[in-house]
Student: 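What follows is a structure written as structure tokens; I'll ask about it next.
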Amino acid sequence: MPELPEVETIKNELLPWVVGRSLTEATILDAKLLPDSCVEELEHELTGQMIESLERRGKYLVFHLSSDKSLVMHLRMTGRLLVNPKESDAHVRATFCFSNGIQLVLSDLRRLGVMWLVEDAQAVVGKLGPEPLSESFTPDDLAQRLSQHRIPIKAALIDQSIIAGIGNMYADEALFAARIHPLRKADALSVVEVQELYHCVRGVLSSAIARKGASVDTYVRPEGQLGRAQLDFRVAHRRGQSCPVCGAPIERTLVRNRGSYFCPNCQLL
DNA sequence: CTTGGGACCTGGCTGC
DNA sequence: TGCAGCCAGGTCCCAA
């Protein structure tokens, strides 16, 4: 599932294909993709537009167009962006043809992905919390934000308005690395614990970007290769397997209705 | 106001 | 073998 490292990888690998290129044709095959606009209007508005730049904000992709509008995309659980896919695909939801002859395909098995064409991308991404990997984001920022919430720390880490880009998998990995139980209250962590968590969040995300994302479930990179970050996972999706630190079996519990994997011995409540 | 839980969506897997 | 039900989870929406 695309979280920050996966979306960052998609952005990096898509960049050379689309930036500076013009859209010759846009085809939306699933109206559910557009919560706020109609298919024909959006197809028409996109045609002829040049992609001036492409950026990631949280888990969103933002295509800045020559019309000064922005196409903002969220892949949610199973959305994929593929360049010139060779294999046939029953879940294609949109296709984009570019002036350099390439075809960009949006495929989405569970149909939860969405996109918006907006005057100002802030209308979509404005409510997001800080980027965890930005230089301006400090341990004090994290401490200040966590201190305002009584919710489980796991729920706080995946709340996009508190901090942007972390999803279920990387929240579990960061909490394991920091030896913090997912159900601890966000505002009850010590200064030392928050500092440790800050470094673990950044470490886990940076390593995953270096590995080009985690290919669990449906994630593949735009040119079809798999990511390798899942090979580093120590607790995520490893219920029953041995904790790499102490050997105890990894457990799964629910936090806000999300499966949460942790070591009951290393991460005490 | 905050917090928590369900809905959305589909296909693979598990267990009876 | 068949099939019901669980599981995956990002975000929105509603209720307490």
Side-chain angles (χ1 to χ4, degrees), chain A residues 1-11 28-36 56-62 72-81 87-94 106-116 118 121 123-129 131-132 145-175 182-188 204-205 208 213-220 227 229-230 233 235-241 250-262:
Chain A
M1 19 240 75
E3 302 182 24
L4 187 154
E6 288 74 33
V7 181
E8 178 71 12
T9 302
I10 291 167
K11 183 262 291 175
I28 309 297
L29 299 159
D30 183 358
K32 254 186 61 67
L33 204 46
L34 310 175
D36 295 337
R56 177 194 60 75
R57 177 77 172 93
K59 301 172 193 170
Y60 294 79
L61 284 166
V62 183
V72 184
M73 211 178 271
H74 198 303
L75 301 172
R76 295 278 177 92
M77 300 296 303
T78 54
R80 307 161 138 191
L81 279 172
E87 292 164 24
S88 67
D89 184 338
H91 308 294
V92 172
R93 309 298 177 198
L106 173 60
S107 162
D108 188 356
L109 185 145
R110 286 174 216 163
R111 302 177 66 208
L112 293 170
V114 277
M115 59 193 203
W116 306 262
V118 289
V124 181
V125 302
K127 282 180 282 190
L128 294 176
E131 285 290 324
R145 290 178 162 268
L146 293 182
S147 71
Q148 296 176 343
H149 298 276
R150 214 168 282 279
I151 58 179
I153 182 61
K154 167 73 183 284
L157 285 181
I158 65 178
D159 183 327
Q160 302 302 296
S161 69
I162 297 175
I163 180 170
I166 303 172
N168 205 42
M169 300 183 302
Y170 294 109
D172 283 352
E173 288 301 312
L175 287 170
L183 287 171
R184 293 275 308 283
K185 297 299 182 198
D187 66 354
V204 160
L205 295 176
S215 284
V216 298
D217 215 353
T218 59
Y219 168 75
V220 294
Q230 74 281 4
F233 284 176
V235 288
H237 301 113
R238 299 189 70 240
R239 171 161 52 172
Q241 298 181 49
I250 302 301
E251 290 185 8
R252 177 182 181 269
T253 188
L254 286 181
V255 181
R256 288 281 240 272
N257 252 5
R258 290 288 164 258
S260 299
Y261 300 86
F262 69 104

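Chain letters run A, B, ... following the sequence lines, proteins first, then strands; residues in each count from 1. Owing to the predicted nature of the structure, the values given are computational and were not obtained by experimental measurement.
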Student: To the nearest 0.5 angstrom, please state how far the OH atom of Y60(A) sits from the CG atom of L4(A).
Tutor: 13.0 Å
Student: Has the side chain of E131(A) got a donor or acceptor atom that lies under 3.5 Å from a matching backbone atom of G58(A)?
Tutor: yes
Student: Within this structure, what is the NZ-to-P distance between K154(A) and dG5(B), rounded to whole angstrom?
Tutor: 14 Å
Student: Figure out the CZ/P separation between R239(A) and dC13(B), and round it to whole Å.
Tutor: 16 Å
Student: Angle class for the Y261(A)/H237(A) ring planes (parallel below 30°, perpendicular above 60°, tilted otherwise)?
Tutor: tilted
Student: Check every strand shown and say whether R256(A) touches a base, only sugar-phosphate, or nothing at a heavy-atom separation below 4.0 Å.
Tutor: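 Base, at least one base heavy atom under 4.0 Å.
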Student: Starting at CZ of R150(A) and ending at C1' of dA16(C), how long is that distance when rounded to a whole Å?
Tutor: 17 Å
Student: I need the CD1-P distance between I158(A) and dT11(C), as an integer number of Å.
Tutor: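 So the CD1-P distance, I158(A) to dT11(C), works out to 9 Å.
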Student: Would you say Q160(A) places a side-chain N or O within less than 4.0 Å of OP1 or OP2 belonging to dG10(C)?
Tutor: no
Student: Quick check for you: among dT10(B), dG9(C), dG4(B), whose closest atom lies nearest to any side-chain atom of I151(A)?
Tutor: dG4(B)
Student: Starting at CE of M77(A) and ending at P of dA7(B), how long is that distance when rounded to a whole Å?
Tutor: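 Result: 17 Å.
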Student: Considering just the side-chain nitrogens and oxygens of H74(A), establish if one lies under 4.0 Å of OP1 or OP2 belonging to dG10(C).
Tutor: no
Student: Could you give the CZ-to-P distance, from R110(A) to dC12(C), as a whole number of Å?
Tutor: 18 Å
Student: Under a 3.5 Å threshold, yes or no: a donor from one side chain and an acceptor from the other, between E3(A) and Y219(A)?
Tutor: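 No, no side-chain donor-acceptor contact under 3.5 Å.
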Student: Quick check for you: among dG9(C), dG4(B), dG11(B), whose closest atom lies nearest to any side-chain atom of K185(A)?
Tutor: dG4(B)
Student: Once you apply a heavy-atom cut-off of 4.0 Å, does P35(A) come out as touching a base, just sugar-phosphate, or nothing?
Tutor: nothing
Student: Please work out whether the ring planes of Y170(A) and F233(A) are parallel, tilted or perpendicular, with thresholds of 30° and 60°.
Tutor: perpendicular
Student: Taking atom types as they are modelled, would you say the side chain of R258(A) forms a donor-acceptor pair with the base of dT11(C) within the 3.5 Å cutoff?
Tutor: yes
Student: Report the nucleotide, chosen from dG9(C), dC9(B), dT3(B), that has the shortest atom-to-atom distance to any side-chain atom of H149(A).
Tutor: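 The answer is dT3(B), which lies nearest to the side chain.
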Student: Closest approach to the side chain of P152(A), judged atom by atom: which nucleotide of dT3(B), dG4(B), dG9(C) is it?
Tutor: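 When the side chain of P152(A) is considered, dG4(B) is the closest of dT3(B), dG4(B), dG9(C).
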Student: Please give, in whole Å, the distance from dG5(B) P to D159(A) CG?
Tutor: 15 Å
Student: Would you mind classifying the nucleic acid contact of Y219(A) as base, sugar-phosphate or nothing, using non-hydrogen atoms under 4.0 angstrom?
Tutor: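 Counting heavy atoms under 4.0 Å across all strands, no contact is made by Y219(A).
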Student: Start at the 5' end of DNA chain C and walk down; is the nucleotide closest to W116(A) or to L112(A) reached first?
Tutor: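 Closest to the 5' end, via its nearest nucleotide, is L112(A).
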Student: Side chain of K32(A), heavy atoms from C-beta onward: which of dC9(B), dT10(B), dG10(C) has the nearest atom to it?
Tutor: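 In terms of side-chain proximity for K32(A), the closest of dC9(B), dT10(B), dG10(C) is dC9(B).
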Student: Kindly compute the distance separating CG (L29(A)) from CG (D108(A)), expressed to the nearest 0.5 Å.
Tutor: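 The CG atom of L29(A) sits 12.5 Å away from the CG atom of D108(A).
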Student: Using whole Å, report how far CG of L33(A) lies from C1' of dC9(B).
Tutor: 13 Å
Student: Counting only side-chain heavy atoms from C-beta out, which of dT11(C), dG4(B), dT10(B) sits nearest to R76(A)?
Tutor: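 From the listed options, dT11(C) comes nearest.
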Student: Below the 4.0 Å mark, does dT10(B) have OP1 or OP2 next to a side-chain nitrogen or oxygen of R111(A)?
Tutor: yes
Student: Could you check which of dG10(C), dG5(B), dT3(B) has an atom nearest any side-chain atom of N257(A)?
Tutor: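 My answer, after comparing the listed nucleotides, is dG5(B).
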